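Worksheet for the structure shown next.
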Amino acid sequence: MTRQVLGLAMDAGGTMTDTFIVDTDGNFVIGKAPTTPWDESEGFIESTEDAFEQWGLDEKTAFSQFEVSVYAGTTMLNTLLTRTGRQIGLITSKGFEDILLMEQGRQVWSGYSHADRLHSATHVHNDPLVTRRRTRGVSERTDMFGDVVIPLYEDDARKVAHYILSQDVEGVAVCFLHSYANPANEQRMEAILREIMTEVGVDLPIYLSSHIRPVIRENQRVNATTIEAYAADPVRKQLHNVEESATQRGFRKQMTTMLSYGGLANIRHPRLHETLISGPIGGMLGAHYVSQLIGANNVLAVDMGGTSYDFGLITNGTFNLNNEPEIARFRLALPSIELDSIRGGAGLYVSVDPVTNRIVMGPEGAGANPGPVCFDKGNLQPTVTDCLAINGYLNKDNFLGGKVKLNLPLAERELKAQIADKIGLPVNEAADGILQLWLQQAMDATKRAIQVRGGDVADYVLMGYGGAGPMVLAGVSENQPFKGVMTFPFAGAFSAFGCTTTDYSHRYTRSSLFSLTYDADVETKQAVADGLTKHWQELEAEAHESFDSEGMDHTKVDYKRIAFVRYGGQLDDVEVPFDGEWTGSAADIDVLLDSFEELYTKMYVKAARYPKAGYAILQVALVASIETRKPEFPQLPDKGPIPPAAAYKGERKLYIDGKWQTAGIYDMDEMESGNIVDGLAVLEHPATTLLVPSNRRARMDERKFVWLENI
Ligand code: AMP
Ligand code: MG
């Protein structure tokens, strides 16, 4: 029978670009290649080739069969962090020209350690995405009710347009006060900009905050709008390149990408900044999908890659959505799956502090090019991966399935000269110490993730993925009473896998202004219901239009209506989905408020309820989605505890617990369901390596997920 492929998902991380391919029967294969930041389509093609090879697929046939293709990654985040985006002009309401320089207090301090918050002398502001010289204000004002109280001064607007366009800009962002309530002034400004552009003979993109993110609070709105102009559009070029290279190979659909709240969207999506942290989100979605398969309600998902260590929680079967996350020191009104990250990947540089003579980890890492010392591609500064390599954890002939040969003598020489000799330890002992430090960092972060949310480790299953996830799984869970500890043969492309487990969906939000007293009568409730109906209808129309433009069948769309409800006078709201059919009656409002009370009680406690304060709904949202086909994990018959002969690859010496010890080496792909391997052992896959210490064993379950158990 010939194989028919269905979906392709990619995760272009800081170090590696991972591929996950599913066929029509739900089988899958993964591929991996170094990320190529200068032109991501190179890494994309190489990574897909790696996967095609394993299934003996012909590139042209495979590409022409793909129904969906998802490309996620961290390019946009890196564009922001390294400030390598576009030159943008910004037009604000007069008097607000310093908005990017002043920032919001909370944003200014975000990402600072406790010590740095105390010693404000170390404090610096964000580098603004738009320079003050390219920012100008225009006289106009809309109030919070959407009434224009000062009309747009057109002379002023023309002057500013001329000025901004004379400043070598590649795009113009417009953000006026309260434009979410009434976009008229911004739209008029756009028209004037267009006129002047024609006059001076340029054609540049214009970004209106009322279009990009029509929500209350100008800081978050201006952030979204400038990020879209500054970082998202250049990334769109990369995405188009990737799509183009797929199309040349026979791909017939359009490329999609992952939104931060876990839906897929076409790369032509007008709000591409919503994909700011797409890759790791894929991982969380995958973890959620698996958690449902294995019936685990609480999961701690950890992703150890080459660049960062990311972790997130699934509690009571759902992940937390953060409505105002701080990403790269920007406060955004962008609902995102909650996720933490530390710079602690396996590519982290290690050095010795010349003053204290202590080991320093990071904060930078080696990436894939030139990569760790053992890659032998020119970098001589040791990394964590070099320590793993010289202490025998990594198979020097199986890194990326043997595509990268690890030069151990070189890594050892550099580690000895730059680290071990300086701190006066034998090289393997020094490497061991570094690995302990590395693990400790990851472990601290992980434990905190559960504790700060009031959870108990014993209720959680620890799920580890990313190329180096299986390597740290034992260390991170040592002496921790996790309910279970698991990983996957495809751990190296888990985030890409996760991208195939979600639906094609968009989320639309809008600020609103509804309030209800405790004893509101039917007429008042009806008025609010009418207002909500109007908002949702408008959002539906918007969804309809964008699904059409993305070539999706809008008749298949499923809508979920959401209201953000809070008690009167409160500062935070609860996201309340309206389950069931919305008829727009006053009775529907009662149902909505009941759901709010129920959710509120779940999140806080019953005693915290305060209906007497009345209710306010300051934001509404609509999620429009179309279901996609997901990979399947059929339950396989148990083949008994002893792995087949083909799975056994021999022995290797590992430097562990202060001495060289012999470990059994196994091939994860050859292992079968029910197989058990006692530590000390190493389970290998072309893209990942699982360490099984001597107090643990690895068991492959009926879906070929791997559990690390105590002996
Ligand atoms: P990722 O960024 O998720 O691709 O993870 C990359 C990391 O996976 C590398 O830095 C390695 O330390 C680790 N790794 C473990 N085993 C392998 C392997 N066989 N091939 C490639 N990377 C591996
Ligand atoms: Mg990765």
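All of these numbers come straight from a predicted model, not from anything done at the bench. In listed order, ligands and their atoms are each counted from 1.
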Aromatic rings F490 and F488: how do their planes relate, parallel, tilted or perpendicular, breaks at 30° and 60°?
-> tilted
Would a distance-only check, ignoring hydrogens and angles, find a side-chain to backbone donor-acceptor pair under 3.5 Å from R236 to H269?
-> yes
State whether the number of non-hydrogen atoms from other residues, nucleotides or ligands found under 6.0 Å of K649 atom NZ is greater than 12.
-> yes
For F330, check ring pair (Phe, Tyr, Trp, His ring centres under 6.0 Å) against everything at least two apart and list the hits.
-> none
For R703, which residues count as a side chain to side chain donor-acceptor pair (under 3.5 Å) partner, sequence neighbours excluded?
-> none
Non-hydrogen atoms closer than 4.0 Å to ligand 1: which protein residues do they belong to? List them by chain and number, please.
-> M16, K32, G305, G306, A346, T385, L394, N398, F399, L400, G466, G467, A468, H685, P686, A687, T688, T689
Could you list the residues that satisfy side chain to side chain donor-acceptor pair (under 3.5 Å) with Y504, not counting sequence neighbours?
-> E550
